[in-house]
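Residue indices begin at 1 and follow the sequence shown. The structure presented is a predicted model; accordingly, all values stated were derived computationally and were not measured.
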Amino acid sequence: MTAYIIRRALYTIPLVIGVCLITFLLFEVLYSPELRARRELGRHADKKQIQEIIEREGWDKPLFFNRQAPGFAKVRDTRFADHMTRLLTFHFGRSEKTHEDIGRKIRRGMVPSLTLTVPIFALGLVVSICLSLAVAFFRGTYLDLWVVVICVAFMSVSVLVYILGGQFLLAQHLKLFPIYGYARGINSAKFLLLPVLIALLKGLGGDVRFYRTIFLEQINQDYVRTARAKGLAEHVILLKHVLKNSMIPILTRTVLAIPFLFMGSLLLERFFGIPGLGNMTIEAVESADFKVLSAMVYIGALLFAAGNLATDISYTLVDPRIRFR
């Protein structure tokens with residue numbers, strides 16, 4: 001088991017380094033050091049001020065190879081080496097736009113993001129699995145047909161329609177929820193109810209169709225017919241046998257979603273004014289804040305790699321034969 005975990009963990013190292021390299025090259029090509037310094041100082045900055053910023057930030061160094069440096073410093077004394085060192089040591093520096101410490105911004109934005117995404121994840125998982133089991137129980141009936149039609153309709157509508165429609169109808173017209181804003185502590189609940197409800201409605205269609213397909217595939221297996229022949233009740237077959245043997249695809253969808261709970265929801269946080277990591281990422285894109293974006297991409301890559309590793313480990317708990325493959 002230990003060897004399996006180590007082997008799977010080693011697979012994630014090239015993934016994280018590759019994501020960091022692509023992000024670094026993308027911003028270095030699109031935004032030269034002079035342009036980044038001018039954006040930070042303003043349109044009236046002179047050449048001397050721009051050069052001071054470039055030297056202070058180390059943007060005057062070569063990208064990957066420093067011919068003038070001695071020995072190992074040829075590789076170490078470069079912009080890419082500095083970039084990777086900051087990321088690997090989690091010293092992200094300060095925002096190029098607001099000059100605020102990025103680590104502090106991330107820690108402050110994690111709580112609003114988690115208070116939004118965790119209820120969406122938990123409620124969505126429970127509701128979609130229960131509804132999918134019920135649809136599988138009544139397979140081939142009009143209930144099954146209409147649930148599939150409604151799910152396809154939910155999937156076909158853009159999330160922007162849900163957001164704008166919910167804000168106009170439920171918040172502005174019926175005044176059931178606040179339209180915009182956020183509060184710390186227990187008062188955050190009233191601001192989160194509407195975005196959580198919108199996210200549940202939007203994601204329910206795809207989740208129910210996915211789980212329904214898995215359950216129906218298992219229902220047609222030989223072990224289910226054997227269980228019926230033994231006289232087991234249908235609800236016992238669904239809960240004890242079908243659900244258990246459907247755990248691998250369920251775990252794949254579930255565990256991979258857990259790391260991204262920390263990253264928040266971009267559109268929901270933006271439209272509802274929730275100061276989470278998703279909103280912070282959009283602001284960094286709008287202001288071309290390379291340091292904030294590189295930090296968020298790096299954290300996202302780490303979380304994705306951790307999710308993949310957790311998924312592989314969870315597979316071995318459901319099916320121990322996997323660890324020997």
Side-chain angles (χ1 to χ4, degrees), residues 113-114 116-163 165-166 195-225 227 234-268 278 300 303-319 321-322:
S113 292
L114 288 174
L116 173 65
T117 55
V118 169
I120 294 173
F121 171 77
L123 292 175
L125 181 63
V126 173
V127 172
S128 59
I129 289 181
C130 292
L131 186 57
S132 300
L133 284 172
V135 173
F137 182 81
F138 293 102
R139 57 194 177 278
T141 64
Y142 283 106
L143 176 63
D144 183 21
L145 174 64
W146 280 108
V147 168
V148 172
V149 172
I150 293 173
C151 288
V152 173
F154 279 3
M155 296 168 59
S156 303
V157 179
S158 170
V159 65
L160 291 176
V161 176
Y162 287 96
I163 294 174
V196 168
L197 177 61
I198 289 173
L200 284 176
L201 290 177
K202 173 57 182 174
L204 198 60
D207 290 342
V208 170
R209 287 205 65 195
F210 177 77
Y211 294 130
R212 172 186 175 274
T213 302
I214 295 172
F215 296 148
L216 290 180
E217 182 180 355
Q218 291 296 322
I219 286 175
N220 295 322
Q221 298 296 321
D222 291 337
Y223 73 88
V224 174
R225 286 191 286 269
E234 192 71 15
H235 69 276
V236 175
I237 296 174
L238 287 174
L239 295 176
K240 187 175 180 180
H241 298 284
V242 172
L243 182 59
K244 180 180 178 180
N245 287 279
S246 303
M247 287 307 296
I248 285 185
I250 292 176
L251 285 173
T252 302
R253 193 178 183 92
T254 302
V255 180
L256 282 178
I258 292 177
F260 295 97
L261 298 179
F262 294 91
M263 305 301 292
S265 175
L266 299 178
L267 290 178
L268 289 175
L303 292 174
F304 181 77
N308 274 326
L309 180 60
T311 302
D312 293 334
I313 295 174
S314 65
Y315 285 169
T316 64
L317 301 177
V318 176
D319 187 356
R321 296 172 298 176
I322 296 176

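Put simply, the side chain of Q221 does not reach to within 4.5 Å of the side chain of N245, judged on heavy atoms. A 4.5 Å side-chain heavy-atom check between S132 and V135 finds every atom pair outside the cut-off. Side-chain contact between V127 and L200 is absent, with no heavy atoms from C-beta onward closer than 4.5 Å. Counting heavy atoms from C-beta on, the side chains of F137 and V242 never come closer than 4.5 Å. Within the 4.5 Å cutoff, the side chain of I129 has no heavy atoms near those of the V208 side chain. Side-chain contact between F121 and T254: present, with at least one pair of heavy atoms (C-beta onward) separated by less than 4.5 Å. Proximity of L243 to F215: side-chain heavy atoms (C-beta onward) are separated by under 4.5 Å at one or more points.
Judged by distance alone, with hydrogens and angles left aside, the side-chain atoms of K202 form no donor-acceptor pair with the main-chain N or O of L160 at under 3.5 Å. Side chain of Q218 to main chain of I214: no donor-acceptor pair is present (N/O by atom type, distance under 3.5 Å, no hydrogens or angles). R212 contributes no side-chain N or O that, together with a main-chain N or O of R209, makes up a donor-acceptor pair within less than 3.5 Å. Between the side chain of Y162 and the backbone N or O of F154, at least one donor-acceptor pair lies under 3.5 Å.
In terms of heavy-atom proximity, L116 sits nearest to P195 at CD1-CB, 3.8 Å. When all heavy atoms of G278 and S113 are compared, the pair lying nearest together is N-OG, 4.1 Å. In this structure, L268 and A199 approach most closely via the heavy-atom pair CD1-CB, 3.8 Å. Contact record, I237 with V224: CG2-CG1, 3.8 Å, taken as the closest heavy-atom pair.
Between atom OH of residue Y211 and atom CG of residue L133 there is a gap of 11.0 Å, rounded to the nearest 0.5 Å. Here the CG atom belonging to L238 is positioned 5.0 Å from the CD1 atom belonging to I219, to the nearest 0.5 angstrom. Residue S265 holds its OG atom at 7.0 Å from CD1 of I163, rounded to the nearest 0.5 Å. Distance check, rounded to the nearest 0.5 Å: CZ of R139 to CG of L216 gives 7.5 Å. Note that the CD1 atom of I120 and the CG atom of L123 stand 9.0 Å from one another [nearest 0.5 Å].
For the side chain to side chain donor-acceptor pair (under 3.5 Å) test, no residue two or more places apart in sequence or in another chain qualifies with N220.
In this pair, Y223 and H241 present their aromatic rings tilted. The plane angle is within the 30 to 60° band.
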